[in-house]
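Written out below as structure tokens is the structure these notes cover.
Here is the naming used below: chain letters follow the sequence lines, and residue numbers restart at 1 for every chain. Source: prediction; values computed, not measured. Atom set for the values below is all heavy atoms of this structure, side chains included, hydrogens, waters and symmetry mates excluded.
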There are 2 protein chains.
Amino acid sequence: MSEIVTTTGAGGVQSVERAFDLLEVIAASGGEAMLSELAAATGLALPTIHRLLRTLVATGYVRQLANRRYVLGPGLIRLGEGASRQLGALARTHLATLVHQLGETANMAVLDGDRVLYAAQVPSRHSMRMFTEVGRRAHLHDTGVGKAILAQLTDAAARALVTGAGMPAATAQSFTTPEDLLQDLALIRVRGYAIDDNEQEIGVRCFAMSVPNAPTPTAISVSGPVSRVDDAFGERAVPLLRAAAEAISHDLNRVP
Amino acid sequence: MSEIVTTTGAGGVQSVERAFDLLEVIAASGGEAMLSELAAATGLALPTIHRLLRTLVATGYVRQLANRRYVLGPGLIRLGEGASRQLGALARTHLATLVHQLGETANMAVLDGDRVLYAAQVPSRHSMRMFTEVGRRAHLHDTGVGKAILAQLTDAAARALVTGAGMPAATAQSFTTPEDLLQDLALIRVRGYAIDDNEQEIGVRCFAMSVPNAPTPTAISVSGPVSRVDDAFGERAVPLLRAAAEAISHDLNRVP
DNA sequence: AATAATACTTCCACTATACGGAAACTTCGC
DNA sequence: GCGAAGTTTCCGTATAGTGGAAGTATTATT
């Protein structure tokens, strides 16, 4: 399913890159893989992989079953939580302000490979609200945050990402061809924000904006049912979104 | 705060061990650290750390702020999610058995820093049930799983964790001083399981037991309304909990 | 604003470290 | 039980990583 993943960037420590490649391949194989599968996916020699895995097993980032299969270990949960908290804590106060001002759920998401990863959420007090959860990953082409992130990139880069990931239609409103999507991205660049209008889920609309100068491409959004999130809502939301995006950008690049 | 962390196990790949040591130190420093802090904590030479971090930054597992400070990167969130799902899948069948036998919601949680992280849940079919969700983190001192995990540790370690995290009273039944809690932990060690009796939420009672020999301190529980989860329930639940904990332990420590 | 102090990054020669071919061993399918 | 596929150990080799020293940026001090 996967092929060579090695990213031999100049000055990188080879064995560290390879160790993380192995973890990524295991994750991509549903969290469980055999030694020979890893060899096929990475192109590395068997003894090399075995030695790297032995190190990861000894440190608790990989577990080995009696199958001899390798699975992601609990040590990674800690690190993942730490990373998630790190990114989310910074955003949460600003997202909470948005929720207070607008009354709808606010999210922050980052580009992760060819998907968006929801890194923080402050839910609204409405009972009817989005059920997206922190840690969930979604497609780029049919979410507000995804399109806001794509609009920051060049057309070529955006096209490469969505064609790589595929463009399944979540609803009848979803874009299904790169051409249609690129047209929307051009509009997003001009007006400065993205709208997801029933594209991800029927009945849900969302206003999203990219966070400038983020280390990883990042966007924030407010979303809710179409009955409440209408054009009038958008007029109120856009300036507030911009303020929040700039505040988060400021915090991300803060120099204390 | 930390000191030398290096785990030079025979046959381990040095640079991989060091890279993960760095990640752990960053996580232990609240998700953010300076290069020189890392040097002090690990005892490694500055150029070595710099090179390792550059690799981690290039691969997205660490971010570098404008401060030049290093923080855990979004790539770790993916891996953590994968590991969490992996652990949950293993437990789910055993938790489902418990739910089938007892008719109440079953959970598995792991120690994560100074909190418990719910890693898996199988809800009961009762409409009135716990609303805890996978991925949610809770305090150690007022949950069944938290107390079961604390009881595995020494009094000193348990005290350090709860004083570090604080002991807010969720209900009038919650323990609020380390002394009271340690007394309960002693009881838990003797009888082999923990009871959360209206401590986390009024009306909810929970029986919990630690999973022996888990790579990370882990516990499982069954919980429900006090009307159903009474002493008679406990008498039925405890042997089944023990069987489930041992089955999970068995699976964790490799069985095909 | 200029200077000192501190922290970070690049350079480079050395050698310890990780690599991978070949062989021994284990498990699985038949 | 036997053969095949997969996994682990061994070990000579050379690559890949190491860290002292020097250079550059950033922050603190006067």
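Contact annotation: the side chain of A:Val145 approaches that of A:Tyr118 to within less than 4.5 Å [non-hydrogen atoms, C-beta and beyond]. Put simply, the side chain of B:Val110 does not reach to within 4.5 Å of the side chain of B:Pro217, judged on heavy atoms. Using a 4.5 Å heavy-atom cutoff, the side chains of A:Ser210 and A:Thr218 are not in contact. In this structure the side chain of B:Leu98 reaches within 4.5 angstrom of the side chain of B:Gln101, judged on heavy atoms.
In this structure, A:Glu37 places its CD atom 14 Å from C1' of D:dT7, rounding to the nearest Å. Nucleotide C:dC8 holds its P atom 10 Å from the CG atom of B:Leu53, rounded to whole Å. Between A:Leu35 atom CG and C:dG20 atom P there is a gap of 14 Å when expressed in whole angstrom units. Distance, B:Leu46 CG to D:dT18 C1': 13 Å, rounded to whole Å. A straight line from CZ of A:Arg69 to P of D:dT8 spans 13 Å, rounded to a whole angstrom. As rounded to whole Å, 13 Å separates atom P of D:dG6 from atom CG of A:Leu38. At whole-Å resolution of the value, CG in A:Leu52 and P in C:dT17 are 16 Å apart.
Nearest nucleotide to the B:Arg68 side chain, out of C:dT9, D:dT9, C:dC8: C:dC8. Comparing C:dA22, C:dC8, D:dG17 by their nearest atom to the side chain of A:Val13 picks out D:dG17. Closest approach to the A:Ser36 side chain among D:dG6, D:dT8, C:dC8 is made by D:dG6 (side chain taken as heavy atoms from C-beta onward).
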Every protein N/O within reach of nucleotides 23-25 of chain C N/O, cut-off under 3.5 Å:
none

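Nearest-nucleotide positions on DNA chain C for B:Tyr70 and A:Ala45 put B:Tyr70 closer to the 5' end. Mapping A:Val16 and B:Pro47 onto DNA chain D by nearest heavy atom places A:Val16 at the nucleotide closer to the 5' end.
Residue B:Arg54 places at least one side-chain N or O closer than 4.0 Å to OP1 or OP2 of C:dT10. The phosphate of D:dG17 (OP1 or OP2) has a side-chain N or O of A:Ser15 nearer than 4.0 angstrom. Applying the 4.0 Å criterion to OP1 and OP2 of D:dT8, one finds that A:His50 has a side-chain N or O inside that range. Within the structure, every side-chain polar atom (N or O) of B:Arg51 is placed at least 4.0 Å from both OP1 and OP2 of C:dT9. Considering only side-chain N and O atoms, B:Gln14 lies nowhere under 4.0 angstrom from the phosphate OP1 or OP2 of C:dC19.
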Decide side-chain contact (heavy atoms from CB on, under 4.5 Å) for A:Ile49 and A:Leu22; before the verdict, give the C-alpha distance in whole Å, the side-chain angles of both, and the deciding distance to 0.1 Å. CA-CA 8 Å; A:Ile49 296 174; A:Leu22 289 174; 4.0 Å; yes
Given B:Phe20 and A:Phe20, is the ring-ring contact (aromatic ring centres under 6.0 Å, His included) satisfied, shown in steps? CA-CA 10 Å; B:Phe20 277 100; A:Phe20 277 100; 5.0 Å; yes
I would like to know whether B:Thr55 and A:Glu17 meet side-chain contact (heavy atoms from CB on, under 4.5 Å); could you show each step before the answer? CA-CA 7 Å; B:Thr55 308; A:Glu17 284 172 355; 3.6 Å; yes
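Looking at B:Arg18, its side chain has no donor and acceptor atom pair within 3.5 Å of the base of D:dG17.
Considering A:Leu161, A:Thr163, A:Val162 as possible partners of A:Asp114, the one that fulfils the side chain to side chain contact (heavy atoms under 4.5 Å, CB included) test is A:Leu161. When each of A:Leu240, A:Asn107, A:Val99, A:Leu102 is paired with A:Val222, the side chain to side chain contact (heavy atoms under 4.5 Å, CB included) condition holds for A:Leu102 and for no other.
Listed by chain and number, the residues in a side-chain contact (heavy atoms from CB on, under 4.5 Å) with A:Ala83 are B:Leu72, B:Leu76, B:Ile77 (sequence neighbours excluded).
Taking the C1' atoms of five terminal pairs at each end of the helix from C:dA1-D:dT30 to C:dC30-D:dG1, the two resulting helix axes are inclined by 60°, rounded to 10°.
Base engagement by B:Thr48 is indicated by at least one non-hydrogen atom pair under 4.0 Å involving a base atom.
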